[in-house]
> 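This structure is in structure tokens; I'll ask about it shortly.
A note on names: the letters A, B, ... follow the listed sequences, proteins ahead of strands, and every chain is numbered from 1.
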Amino acid sequence: MPWLIKTEPDCYSIDDFAREKKTRWTGVRNYQARNFMRDSMKVGDPILFYHSSSEPPGVAGLARVSAAADWDRTALDPKDQHFDAKATKENPIWMAVEVAFVQKFATFVELGTLRTTKGLEKMALLQRGQRLSIQPVTEAEFAAIVKLGEGKGR
DNA sequence: GCCAACGTTGGC
DNA sequence: GCCAACGTTGGC
């Protein structure tokens, strides 16, 4: 199943990802998002890499799941900004999949473009009040966005 | 910087 | 188990 993952590019951008090639998607502190990683994301699943809180926000490229969810080490590190005092070795609470870089889009697909693209009306990302940082995407939505991203600039 | 929407916390 | 208060997300 295709997915969308959000990141603030000031923190971790598509260019950072392109350099690093693979990264553990740590720091997610929302149970619904964790459950998606733990229960539903499968190795090989395609991912839209989304820049949030940026100007403009939008889909910057593609990734794929490269390893199943494992406990999130940042939750147990008191020096990490995502440290969670309630997490223990016995019950680490938080988990993270590993994701691999696939490509940076030739055309950054802006949120505004998504909003006006036919067929994406029901996309979770575009619904009012939606702020989940990991969300499932339908095959049709994924294909439509890849087409926009791989096309030449408008 | 604003603020709507949403998740979490904690008193009761 | 309710719900008010609070913190966070994230577009604008």
> Determine, using the 4.5 Å side-chain heavy-atom cutoff (strictly less than), whether A/Trp94 and A/Met41 are members of one ILVMFWY cluster.
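A/Trp94 does not cluster with A/Met41.
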> Using whole Å, what does the distance between atom C1' of nucleotide C/dT9 and atom CD of A/Gln135 come to?
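These atoms are roughly 12 Å apart.
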> Whole angstroms only, please: what is the CG-P distance between A/Leu125 and C/dG11?
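Rounded to the whole Å, the gap is 8 Å.
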> With respect to the side chain of A/Tyr50, which nucleotide from B/dA4, B/dG7, C/dG11 is positioned closest?
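Looking only at heavy atoms from C-beta outward on A/Tyr50, the closest nucleotide is C/dG11.
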> Using a heavy-atom cut-off of under 4.0 Å over every strand shown, decide if A/Arg115 touches base, sugar-phosphate, or nothing.
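It contacts sugar-phosphate atoms only.
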> So among A/Phe101, A/Phe17, A/Phe108, which one has a ring pair (Phe, Tyr, Trp, His ring centres under 6.0 Å) with A/Phe49?
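Going through A/Phe101, A/Phe17, A/Phe108 one by one, the ring pair (Phe, Tyr, Trp, His ring centres under 6.0 Å) with A/Phe49 is satisfied by A/Phe17 alone.
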> Establish, with yes or no, whether the OP1 or OP2 oxygen of B/dC6 is under 4.0 angstrom from a side-chain nitrogen or oxygen of A/Tyr31.
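False: A/Tyr31 side-chain N/O out of range (4.0 Å or more) of B/dC6 OP1/OP2.
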> Testing A/Leu125, A/Leu114, A/Leu111 one by one against A/Pro57 for a side-chain contact (heavy atoms from CB on, under 4.5 Å), which residue passes?
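Filter result, single survivor: A/Leu111.
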> Whole angstrom is fine here: how far is it from CZ in A/Arg29 over to C1' in B/dT9?
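That distance rounds to 18 Å.
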> Could you check which of B/dG7, B/dA4, B/dT9 has an atom nearest any side-chain atom of A/Lys86?
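Taking heavy atoms from C-beta onward, the closest nucleotide is B/dT9.
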> Over how many whole Å does the gap from A/Gln130 atom CD to B/dC6 atom P extend?
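Going from A/Gln130 (CD) to B/dC6 (P), I get 8 Å.
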> Is the shortest distance from a Lys or Arg side-chain nitrogen in A/Arg19 or A/Asp16 to a carboxylate oxygen in the other one below 4.0 Å?
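Counted as a salt bridge, because a side-chain N and a carboxylate O are separated by less than 4.0 Å.
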> Separation of A/Asp10 atom CG from C/dG10 atom C1', in whole Å?
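Rounded to the whole Å, the gap is 13 Å.
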> Just how far, in rounded Å, is C1' of C/dT8 from CD of A/Gln81?
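After rounding, the reported distance stands at 13 Å.
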> Does A/Lys6 have a side-chain nitrogen or oxygen under 4.0 Å from the phosphate oxygens OP1 or OP2 of C/dG10?
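Yes.
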> Could you tell me whether the phosphate oxygens of C/dT8, OP1 or OP2, come under 4.0 Å of any side-chain nitrogen or oxygen in A/Arg131?
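The answer is no; no side-chain N or O of A/Arg131 sits under 4.0 Å from OP1 or OP2.
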> Please state how far atom CD in A/Glu8 lies from atom C1' in C/dT9, giving the value in whole angstrom units.
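Those two atoms, CD and C1', are 8 Å apart.
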> Is the closest side-chain donor-acceptor distance between A/Thr74 and A/Asp72 under 3.5 Å?
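Indeed, the side chains of A/Thr74 and A/Asp72 share at least one donor-acceptor pair under 3.5 Å.
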> Output the rounded distance in Å from CD1 (A/Ile134) to P (C/dT9).
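Taking atom P of C/dT9 as the reference, CD1 of A/Ile134 is at 14 Å.
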